[in-house]
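See structure below.
All chains are named by letter (A, B, ...) in the order of the sequence lines, taking the proteins before the strands, and each is independently numbered beginning at 1.
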Amino acid sequence: MRTRYAPSPTGEPHVGNIRTALFAWLYARHTGGVFILRVEDTDLARIAPGALEAIQESLRWLGLDWDEGPEVGGPHAPYIQSERTRLGVYQEYSQRLLDSGWAYQCYCPPERLDEVRREQQRQKLPPMYDRHCRDPRQREAMGQQHPGAGPVVRFAVPQEGHTAFTDLVRDEITVANATLDDFVLLKSDGFPTYHLSNVVDDRLMEITHVIRGDEWLPSTPRHILLYRALGWDAHMPAFVHLPLILGPDRAKLSKRHGATSVTDYQRLGYLPEALVNFLALLGWSLDDKTELMTREDLVQHFSLERIGKTAAVFNKDKLDWMNGVYIRGLGQEELAERLLPFLERRPELVEGRPKAEPARQGEGGLPDTIARPIDRGYLHAIVPLIQERLKLLSEAPGLVDFFFQQELTYEDKALNALKSPEATRALEAALARLELQSDFSHEALEALLRPMAEELGLKTGVFFGLLRAAVTGRTVSPPLFETMAVLGRTRCLARVKRALGLVR
RNA sequence: GGCGCAUUCGUCUAGCGGCCCAGGACACCUCCCUCUCAAGGAGGAGAUCACCGGUUCGAAUCCGGUAUGCGCUACCA
């Protein structure tokens, strides 16, 4: 089996798009086939600088390796369509269609096309090219009228009959040829349109399964017609149209919906393994129960038969949950490593992150006042305390900053809780005991402090809350005794004293 | 406007004629655990299977129509 992912380098790849890559990759890996990356950059106006790199980075980050394509090469190189255009690949097939009468040159200027379209819309007719230049005499006249502009090549769609094909997801699809217009194959700049380049390259690269988004379903009949016109009937690939991914408003997911590019998710602190798992479940399922699957599980179980037909809303809450599950499943060393770039705010450590971009939401890192590089040994001690409290890697700075601050900043809520004679009395008593305590293991601290609550006539929740506020500056933190143990005796004593100083 | 596709809890989905007055997951609610927050455990609420008609002893599952939604309708992919 040979599948391909054929993105257009117009920007950072978006999750809907990369889901298509995932499915094509999964199918190739599942069948022991070949996964190809092909770049469809035939629209000069739309290509974005750096987009190709972003696509490759995204694929790499998710672990979707390609067997043929940019950088790795392959028997059908080049894999970049602008380069193939320069080699005359599409020109050749366009000429072949011209010679066999399946295509014709069209000299209609854009203004005329616009006008025709407007008129059709006014009359509530389907907007289609009126096939003006399909007539050789008209064509010649038009050519003389507009000598400057290079002509485009259009496909001569049969005006009668139907075109049918089988989609592996949706079964039989039939369209009346009369509803198809004479679409452009070769643009006046000499570059092919998607329809031509896609069909030609899929054949030349011996693609067996065309796996792509549902938005391509309507143009598949054109592609079928092209295969036939080129005499490639016997080599028709199987078509697999994937259900679309929708935003919360149920419209096709796009940039309007906020964070949708793969690199955005990376920056926000999602794990690639979580994203892969989540994306695989958008339009595919194994059974009625299984949801957590590693990349290996997915490769092993993936099948075209179990791809769904209905468009799916991207459920961010569920992704967040799944990301938390994967974070909890990480080894502590591993988690610490992955947390480092988010803590130090060293963008170059977040793989694939293009160098000098301004920090985005969730990317704050620890305050600049905290020395870099941060102490790894200390971080390793902290990690177990926050592991089950993280949904996103980017949440770490907000959870651990108090561990690192030299001069603790107190939340208003925490400070207010300390401002009562009761609180002062409790803190003073605790401080006195802590000063005599040398063992700062969490067990020892608990053994020391828990009985104190009763002595002071305070509920443990209240008493521990006061200590928490004094030692972390927060009303919410990891468990008190473990936190104090990690902070250590010196910091704890200093902080309790400082808190007393602030409220006395 | 034309063409195409789709329609099961708020969301992702299971279901391919009787096992389903519909199962799982996220989110939500309650309780348990508990020093806060999480995590975890136990429950709960939530879907007249879009609607109408047909086929059948029997339909979420098959057929037809309707409605709604989405996609496509460029010298963009």
Nearest to the side chain of [X], which nucleotide is it out of [options]?
X	options	value
A/Thr193	B/A39, B/C76, B/C35	B/C76
A/Arg328	B/A39, B/C75, B/G1	B/A39
A/Lys318	B/G71, B/A25, B/A77	B/A25
A/Val313	B/C76, B/A39, B/C12	B/C12
A/Ser188	B/G71, B/G2, B/C75	B/C75
A/Arg389	B/C12, B/C75, B/A38	B/A38
A/Glu215	B/G71, B/C3, B/C76	B/G71

Distance check: side-chain N/O of [X] vs OP1/OP2 of [N], anything under 4.0 Å?
X	N	answer
A/Lys187	B/A74	no
A/Ser285	B/A14	yes
A/Arg122	B/G1	no
A/Arg154	B/C75	yes
A/Lys316	B/A27	no

Round to a whole Å and report the spacing from [atom1] of [X] to [atom2] of [N].
X	N	atom1	atom2	answer
A/Lys289	B/G15	NZ	C1'	12 Å
A/Asp287	B/A25	CG	C1'	12 Å
A/Leu113	B/C75	CG	P	5 Å
A/Asn277	B/U13	CG	P	14 Å
A/His146	B/C75	NE2	P	15 Å
A/Trp321	B/U13	CH2	C1'	13 Å
A/Glu411	B/U36	CD	P	17 Å
A/Gln120	B/A74	CD	P	9 Å

Applying a 4.0 Å non-hydrogen cut-off, can you work out what [X] is touching in the nucleic acid: base, sugar-phosphate, or nothing?
X	result
A/Arg306	sugar-phosphate
A/Gly324	nothing
A/Pro7	nothing
A/Gly461	sugar-phosphate
A/Arg468	base
A/Lys124	sugar-phosphate
A/Pro192	sugar-phosphate
A/Thr460	sugar-phosphate
A/Val152	base
A/Arg474	nothing
A/Thr42	sugar-phosphate
A/Glu40	sugar-phosphate
A/Leu244	sugar-phosphate
A/Pro248	nothing

What's the gap between [N] and [M] when it is taken at their [atom1] atoms, as a whole Å value?
N	M	atom1	value
B/U68	B/U30	C1'	37 Å
B/U36	B/C70	P	47 Å
B/A22	B/G71	P	33 Å
B/C37	B/G44	P	25 Å

With a 4.5 Å limit on heavy-atom distance, are the side chains of [X] and [Y] in contact?
X	Y	value
A/Leu319	A/Asn315	no
A/Tyr93	A/Leu204	yes
A/Val471	A/Val496	yes
A/Asn277	A/Arg295	no

Practice prompt. Check each of A/Thr163, A/Asp182, A/Leu226, A/Thr179 against A/Val157 using the side-chain contact (heavy atoms from CB on, under 4.5 Å) test, and report the only one that passes.
Written response: A/Asp182
Discussion item. Here's a test of your reading of the structure: between A/Glu388 and A/Arg450, which maps to the more 5' nucleotide of RNA chain B?
Written reply: A/Arg450
Worksheet, complete the sentence: RNA chain B nearest-nucleotide lookup for A/Leu282 and A/Asp249: closer to the 5′ end is A/Leu282
Under 3.5 Å on both distances, the Watson-Crick or G-U partner of [N]:
N	value
B/G18	B/C57
B/U34	none
B/U48	none
B/C3	B/G71
B/C26	B/G10

Worksheet item: Looking at A/Phe464, does the NZ or CZ of A/Arg468 lie under 6.0 angstrom from its six-membered ring centre and within 45 degrees of the ring axis?
Response: no
Fill in: Over-ring placement of A/Arg154 relative to A/Tyr129, 6.0 Å and 45° cut-offs
yes
Worksheet item: Are A/Trp284 and A/Phe23 an aromatic pair by the rule of ring centers under 6.0 Å?
Response: no
Worksheet item: Are the aromatic ring centres of A/His195 and A/Phe183 under 6.0 angstrom apart?
Response: yes
Practice prompt. State whether the number of non-hydrogen atoms from other residues, nucleotides or ligands found under 6.0 Å of A/Gln95 atom CD is greater than 12.
Written response: yes
Worksheet item: Taking N and O atoms by type only, does the side chain of A/Thr179 place a donor or acceptor under 3.5 Å from a partner on the base of B/C3?
Response: no
Fill in: Which residues share a side chain to side chain donor-acceptor pair (under 3.5 Å) with A/Gln387, sequence neighbours left out
none
Pairwise N/O distances under 3.5 Å, protein to nucleotides 5-8 of chain B:
from	atom 1	to	atom 2	distance (Å)
B/C5	O2'	A/Arg170	NH1	2.6

Practice prompt. Mind telling me whether A/Phe239 and A/Tyr227 have parallel, tilted or perpendicular rings, with 30° and 60° as the class edges?
Written response: perpendicular
